[in-house]
Structure formats: C-alpha cells, structure tokens
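Read the structure below first, then the notes.
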There are 2 protein chains.
Amino acid sequence: MSHVVKKRKLDKSRQDRLYFDSYSDVTIHEEMIADHVRTNTYRTAIQRNSESIRGKVVLDVGAGTGVLSIFCAQAGAKKVYAVEACSIAEQAVKIVKHNNMDDRVEVIRGTVETVDLPQKVEVIVSEWMGYALLHESMLNSVLYARDRWLKPGGVILPSKAELYIAPISDPVVEDRLHFWYTVKDQYGVDMSCMSDFAQRCIMNSDITVNSVTVEDVLSHPARFAELDLYSVTVEELRAVKGHFRCESFGSAAVNAFCVYFTVTFPCPDKPLVLSTSPFKPETHWKQAVLYLDAPLEVVQDTPVTGEVSMYPSEDSARHICIHVDYSIGEQKTQSKTFSIPDWSSEAQS
Amino acid sequence: MSHVVKKRKLDKSRQDRLYFDSYSDVTIHEEMIADHVRTNTYRTAIQRNSESIRGKVVLDVGAGTGVLSIFCAQAGAKKVYAVEACSIAEQAVKIVKHNNMDDRVEVIRGTVETVDLPQKVEVIVSEWMGYALLHESMLNSVLYARDRWLKPGGVILPSKAELYIAPISDPVVEDRLHFWYTVKDQYGVDMSCMSDFAQRCIMNSDITVNSVTVEDVLSHPARFAELDLYSVTVEELRAVKGHFRCESFGSAAVNAFCVYFTVTFPCPDKPLVLSTSPFKPETHWKQAVLYLDAPLEVVQDTPVTGEVSMYPSEDSARHICIHVDYSIGEQKTQSKTFSIPDWSSEAQS
C-alpha cells in the first residue's frame with residue numbers, strides 16, 4: 001500500500017527514456033485502441049479525407065501500434081512513414097506485415113526529431129493528445145515534423161485543438177470529507193477532527209484525471225484557448241492561456257474546475273470533432289479535475305470568471321502545469337497552480 | 001498516461017523515508033478505517049480481550065490515526081503507547097484529545113525501534129499486515145517491540161498469521177488476451193498478432209493486488225505457512241515458505257495463483273479470525289494474484305502442487321518477493337518469481 005511519491009528533477013535524456021518506456025507495455029495501447037470515440041473518429045476522419053490522402057505521402061508522428069498508418073494506407077496513401085520511438089514499433093512492424101501493408105507502410109523506429117525521411121510528406125496524421133491536452137508535450141514533435149517534413153499546402157490531421165473549463169461539484173469529495181463524521185456512529189470513536197486534514201489532502205494541487213458526470217457540471221463550459229496546428233509555434237506552447245467566464249446553472253457547492261479539450265479534423269463536408277467533454281461519450285482521456293482549496297457555495301447565475309495558463313513543469317518538460325486565477329461571485333481573485341503527480345494512479349482492470 | 005516504471009536500488013534511509021511519507025496522506029487511512037472487516041474485527045477482538053487489557057499497559061505498533069489505541073483505552077487499558085513514525089501521528093494526537101483519552105493514550109512519534117518507552121507493556125496490539133501479508137515488512141517492528149517491550153506472559157493481538165494459496169482462472173486476463181482478435185471486426189485492421197506480446201505484458205512477474213471472485217477460484221485453498229507471533233523470529237521472516245497441494249474442482253484454464261492471509265486473535269470463548277479469503281467479505285487487502293506465463297488447462301481433480309517462498313526483495317527490504325515452484329497435472333515443475341512493482345497502482349474512485 002505504499003503511496004510513494006517522489007518529487008525531483010530528472011535530466012532530459014532520462015525523462016525521455018522513462019517517457020518512451022511507458023509506452024512499451026500493452027495496457028496503454030489496449031486502452032487507446034479500445035477507446036471507440038478516439039479510434040473511430042480518427043478512422044472516419046481519415047476515410048473522409050481520402051481525397052487529400054489518395055496517392056500521397058503521409059507521416060504518422062508517434063505511430064504506436066501503427067493503426068492510424070494502416071487507416072491512411074487503406075484510404076489510398078501511396079506511402080506512410082510510421083515514426084515511433086518506443087519498442088512498440090516492433091509490434092507495429094508485425095501488424096503492418098500481418099495486414100499486407102508492408103509495401104506502403106514503413107515503420108521507422110526513432111523520434112521524429114532525429115529520423116531522416118527519404119522525402120517530404122503531403123499529410124501529417126498524429127494522435128498526440130495527452131491528459132489536459134498538453135500533458136506529455138507530444139504536440140511539440142508534431143510541430144517539429146510540420147516545419148521539417150510537411151510540404152507547403154500539406155494537410156495536418158487533426159488541424160485544430162480547443163481547451164475548455166467549467167466549474168464542477170464533485171460529490172466524491174463531499175462524501176470523502178463527510179466520511180470522518182460517520183466514524184463515531186460506526187466504531188464509537190469521534191474522528192470528525194480529521195476533516196481539515198482530509199480536505200488539505202484531497203483538495204490538493206494535483207491534476208486529477210477523472211470522469212466528470214454531466215450532473216456535476218455547474219455551468220456551460222467556457223473555451224479559453226484554441227491552437228491552430230498550421231500556425232502555432234513551440235514558443236507559443238510554453239504558455240497556453242486565456243480568460244473564461246461561466247455562470248452557474250443553479251445553487252451548488254463548487255469544489256473544482258474541470259478542464260477538457262476537443263480536436264477538429266477538416267473534412268470536405270463539415271469538420272469532424274473528437275470531443276472529451278463530460279457532455280459527450282467517455283474517452284480514455286476522461287477530464288482533468290482541479291480542486292479548489294475548499295468548497296464554495298454559488299447560486300443561480302453566480303459568475304465564475306478567471307484566467308487559465310498551461311505551461312510545462314520546470315521539473316519535467318513533459319509534465320504540464322495549470323495555473324488558474326479565478327473569482328467566484330463577489331469573492332476576490334484566488335490563485336492555484338496544479339500539476340500532474342510524478343506518477344498517475346490508474347485503476348487495475 | 002505515463003506508466004513510468006523505475007527499478008533501482010534505494011538506500012535504507014531513503015526507503016524508510018519514502019515508506020513513512022506514504023502514510024502521510026489521508027487516503028490510506030480512510031481506506032483502512034472504512035474497511036469494516038478490518039476495523040470491526042480489531043474492535044471486537046479488543047473488546048473480547050478486555051480481561052487481558054483492563055488495568056494494563058498496551059503498546060500499539062504503527063498506530064496511524066490511533067483508532068486501535070482508543071479501542072484499547074475503551075476496553076479499560078490503564079495506559080496505551082501509540083507509536084507512529086509518520087506525520088499522521090499529529091492527527092492521532094488531535095483525535096485522542098477530541099475523544100478525551102489523552103490521560104490514557106500517549107501518542108509517541110518515532111519508529112518502535114528507536115522510541116524509549118517509560119515502562120514495559122503487558123499487551124501489544126498492531127495492524128501490521130501488508131499486501132500478501134508481508135509486503136512492507138512491518139511485522140519485523142512488531143517482533144522488535146515484542147522482544148524489547150513485552151513483559152513475559154504478555155499478550156499479542158493478533159497472535160497468529162496464516163498464508164494460503166489457490167489456483168485461479170482470472171477472466172479479465174482471458175478477455176484482455178482475446179481483445180486483440182476483436183480489433184479487425186471493429187476497425188478493419190487485424191491486430192491478432194499482438195496477442196503474444198499482450199500475454200507477455202499481462203502475465204508478467206508483478207504481484208497484482210486484485211479482488212478475486214469466488215467463481216474464479218479453482219480449488220480449495222491450501223495453507224502453506226503459519227506464523228506464531230509469540231515465537232517467530234526476524235531471521236525466520238527472511239524466508240517464509242511451505243508446500244501446497246490443491247485439486248481442481250472442475251475443468252478450467254488456470255492462469256494464476258492467488259495468495260491471501262488470515263490473522264487470528266485469541267479470545268476467551270473462541271478465536272476470532274480476520275480473513276482476506278476470496279470466500280469471505282472483501283477487505284482493502286483484496287488478494288495477491290500471481291500470473292503464470294501462459295494459461296494451462298486442468299480437468300476435475302487435476303493436482304496442482306508446489307512450494308511457495310516469500311522473502312524481502314534485494315532492491316528494497318520493505319518489498320516482498322514470492323517465488324513459486326509448481327506442477328500442474330503431469331507437467332514438470334515450473335518456477336516463477338514475483339515482486340510488487342515499485343509503485344502499486346491504486347484505483348482513484
């Protein structure tokens with residue numbers, strides 16, 4: 001039951017090694033492929049863009065098991081370079097062969113920053129989104145690939161990302177804080193004085209990855225940032241920020257913000273959106289939950305306003321930090337900075 | 001989604017620091033107190049032993065929030081020393097005071113190996129059990145306390161621990177291995193060639209902490225070790241081992257062993273058993289699951305025999321290793337060594 005939390009700086013090469021190692025296990029690939037919203041949206045988007053893909057050269061950045069590369073080949077790509085730094089590339093080679101795609105899909109093991117492609121490409125496809133969109137900073141690699149390998153006028157799939165925020169009331173937090181008041185009835189020992197300590201532990205500054213239920217969202221979400229993948233720069237990713245304004249649907253105790261993203265694929269008819277909104281079917285990204293220091297009561301139409309800023313952690317450039325300045329109702333502006341814990345807990349089966 | 005696994009040696013003091021830090025969060029204490037089987041069995045055992053406790057001096061080893069110490073005071077203890085190394089001791093002080101027990105319960109912050117008690121004790125109570133009983137090696141501290149602080153003829157609660165093993169068929173593993181055969185129907189890409197890789201990743205040598213369902217247990221469990229807390233030595237804990245023999249209830253694919261424990265409290269009428277068996281109500285310890293390298297078919301009465309050995313990891317003395325030599329039916333003896341991963345995943349509710 002060791003909840004062993006380590007906070008320390010890692011050198012860049014060690015960070016990269018650990019990052020790429022983490023994709024050597026089957027679990028994460030199973031989770032991604034089994035995420036129907038994710039995999040089906042990519043598949044549909046690639047099919048609908050077959051006019052841009054047919055007869056063209058495609059680069060898949062961070063190809064994993066190679067499934068998106070095969071979708072591109074199925075959509076008529078002349079050649080797909082499936083670039084993958086982690087050892088899962090060995091499985092991608094097998095899968096490509098097993099599907100008789102080895103004449104069109106070439107798996108290249110390495111980081112996109114270091115591999116040498118035989119030619120420039122007309123299309124870049126990538127599933128680069130991490131928790132809260134920017135955790136893991138894989139978008140930097142896509143932008144590198146764009147600037148280095150994409151021909152002028154080439155296509156990027158997806159081409160746009162948007163970030164949203166909404167105040168929420170997480171009932172699990174309420175239950176957990178209340179728990180300490182129930183111990184006396186159960187065991188004859190009054191432990192209610194634990195509630196302050198419990199609140200400090202639970203409403204901490206970790207970015208928690210959780211499924212937020214629709215009923216717990218307290219307002220229409222507000223979009224606070226948009227990234228155009230054709231024009232955004234690595235420099236701009238060092239601080240992605242924006243203002244938001246929400247108005248509470250009704251009376252409730254706000255105890256957190258939830259942050260989520262959408263990405264959009266251009267399509268000939270109308271754009272296709274892959275959404276990780278709590279109002280849409282669940283994905284493996286769930287939502288990023290940021291707990292306030294304490295619950296705060298709101299009534300109908302109470303304004304919740306502020307500014308969100310997302311930037312890479314100083315300790316580990318692949319880890320995201322989220323800073324929120326916010327004001328709820330008449331309350332003066334509060335600030336809190338959140339980060340992804342060194343290791344994120346995951347439910348086992 | 002960083003599954004960052006680090007394997008490296010830690011020096012002893014750093015191991016201890018990380019170990020004690022892990023109990024500074026409220027989650028683990030909430031989980032332990034909310035575990036009714038655990039907390040109620042201790043409470044009942046302490047109440048039923050009130051004749052041994054009334055007017056006596058008690059030592060609680062690793063007292064946590066101090067709940068067992070308060071149970072002992074409620075059972076009439078003259079004095080309880082609640083020894084706790086981690087900062088949760090500060091909460092224990094508050095809880096003891098809040099329950100007006102500060103004249104009888106004295107919280108002492110420190111490890112039992114270093115604290116100096118004003119007097120010897122007549123009773124030792126401790127909830128020292130980790131995953132697979134011995135993970136975290138806290139029993140060593142109880143034995144130290146016994147040898148240093150327990151008066152001759154004193155009582156230890158609980159006084160006995162027993163370890164069991166049974167072959168199981170984990171259906172989640174079957175489903176996960178099968179998953180890769182379903183991808184073609186879902187997305188038009190044949191990924192069945194991933195199944196070997198998936199099997200290597202899933203049926204690995206980690207000790208997995210999981211709830212085993214009764215229906216998945218393939219034989220009567222076999223007891224392979226018993227520890228008498230009055231007589232067992234730290235030396236003997238360096239290798240806890242024993243033979244087992246089970247016979248399959250029916251036809252199934254064995255894909256794992258499950259290991260669990262019971263501890264027993266002496267009581268005036270009949271002993272009270274705290275069981276973590278899959279046949280009993282679930283506890284927060286669940287069961288330790290050890291996956292074979294590959295599933296193996298058995299039929300009714302197929303013998304499953306072998307020897308289990310549990311010992312501290314070389315990398316970290318608080319981490320347990322489990323080595324199993326086993327033979328299923330006519331198969332020649334196989335061996336596999338399991339260990340708790342550097343950080344155990346936990347569901348975040």
Side-chain angles (χ1 to χ4, degrees), chain A residues 1-6 18-19 21-23 25-31 33-34 36 39-40 43 65 67 70-71 74 91 94-95 98-99 130-131 135-136 172 176 179-180 183 186-194 197-198 201-202 208-210 284 318 340 342-349, chain B residues 1-6 18-19 21-23 25-31 33-34 36 39-40 43 65 67 70-71 74 91 94-95 98-99 130-131 135-136 172 176 179-180 183 186-194 197-198 201-202 208-210 284 318 340 342-349:
Chain A
M1 208 174 316
S2 306
H3 288 252
V4 178
V5 178
K6 299 158 214 160
L18 292 171
Y19 169 70
D21 279 357
S22 72
Y23 284 90
D25 184 73
V26 78
T27 308
I28 195 166
H29 298 286
E30 183 186 327
E31 185 183 46
I33 305 268
H36 282 258
T39 309
N40 265 332
R43 189 185 185 202
T65 54
V67 66
I70 294 172
F71 290 160
Q74 287 172 336
Q91 303 303 317
K94 282 188 207 166
I95 291 164
H98 196 66
N99 287 272
Y131 293 136
H135 186 55
E136 295 189 338
V172 173
R176 292 189 60 189
F179 168 77
W180 297 101
V183 176
Q186 287 183 77
Y187 304 120
V189 176
D190 186 343
M191 299 187 92
S192 57
C193 58
M194 281 283 282
F197 173 68
C201 291
I202 296 167
T208 306
V209 176
N210 248 345
H284 77 286
R318 291 204 182 271
I340 294 254
D342 258 11
W343 44 273
S344 326
S345 305
E346 293 262 327
Q348 287 258 349
S349 76
Chain B
M1 206 172 316
S2 307
H3 288 252
V4 178
V5 178
K6 300 158 211 161
L18 293 171
Y19 169 69
D21 280 357
S22 73
Y23 282 91
D25 184 73
V26 78
T27 309
I28 194 166
H29 297 285
E30 182 186 327
E31 185 182 46
I33 305 267
H36 283 259
T39 308
N40 265 331
R43 188 185 185 201
T65 55
V67 67
I70 294 173
F71 290 160
Q74 287 172 335
Q91 303 302 317
K94 282 188 207 166
I95 291 164
H98 196 63
N99 287 272
Y131 294 134
H135 185 55
E136 298 191 336
V172 173
R176 292 189 60 188
F179 168 78
W180 297 102
V183 177
Q186 286 183 78
Y187 305 119
V189 177
D190 186 343
M191 298 187 92
S192 58
C193 59
M194 280 284 280
F197 173 67
C201 290
I202 296 167
T208 307
V209 175
N210 248 344
H284 76 287
R318 291 204 181 272
I340 295 252
D342 258 11
W343 45 273
S344 326
S345 304
E346 292 262 325
Q348 283 259 348
S349 77

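Within every chain, numbering begins at 1; the chains are lettered A, B, ... in the order of the sequence lines, protein sequences first and strands thereafter. Only this structure's heavy atoms are used, side chains among them; waters, hydrogens and symmetry mates stay out.
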Tell me, with the steps shown, if A:Met194 and B:Glu30 meet side chain to side chain contact (heavy atoms under 4.5 Å, CB included).
CA-CA 10 Å; A:Met194 281 283 282; B:Glu30 182 186 327; over 6 Å; no
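Using a 4.5 Å heavy-atom threshold, the side chains of B:Arg43 and A:Val189 count as separate.
Heavy atoms of B:Ile33 lying under 4.5 Å from chain A belong to its backbone as well as its side chain. Contacts between B:Asp190 and chain A at a heavy-atom distance below 4.5 Å involve backbone atoms as well as side-chain atoms. Using a 4.5 Å cut-off between heavy atoms, B:Val183 contacts chain A through its side chain alone, with no backbone atom that close. Contact annotation for B:Phe179: only side-chain heavy atoms (C-beta onward) come within less than 4.5 Å of a heavy atom of chain A. With a 4.5 angstrom heavy-atom cutoff, B:Gln186 touches chain A via backbone and side-chain atoms both.
Ring geometry for A:Tyr187 versus B:His36: interplanar angle of 30 to 60°, hence tilted.
Annotation for A:Ser192 and B:His98: closest pair OG-NE2, 3.3 Å, computed over non-hydrogen atoms. Summarising the geometry of A:Cys193 relative to B:Gln91, their closest heavy-atom pair is O-OE1, 4.3 Å, with the distance given to 0.1 Å.
Tested against A:Met191, the residues B:Ile95, B:Asn99, B:Ile70 include a single side chain to side chain contact (heavy atoms under 4.5 Å, CB included) partner, B:Ile95.
If you take OG1 on A:Thr65 and CH2 on B:Trp180, they are separated by 6.0 Å, rounding to the nearest 0.5 Å.
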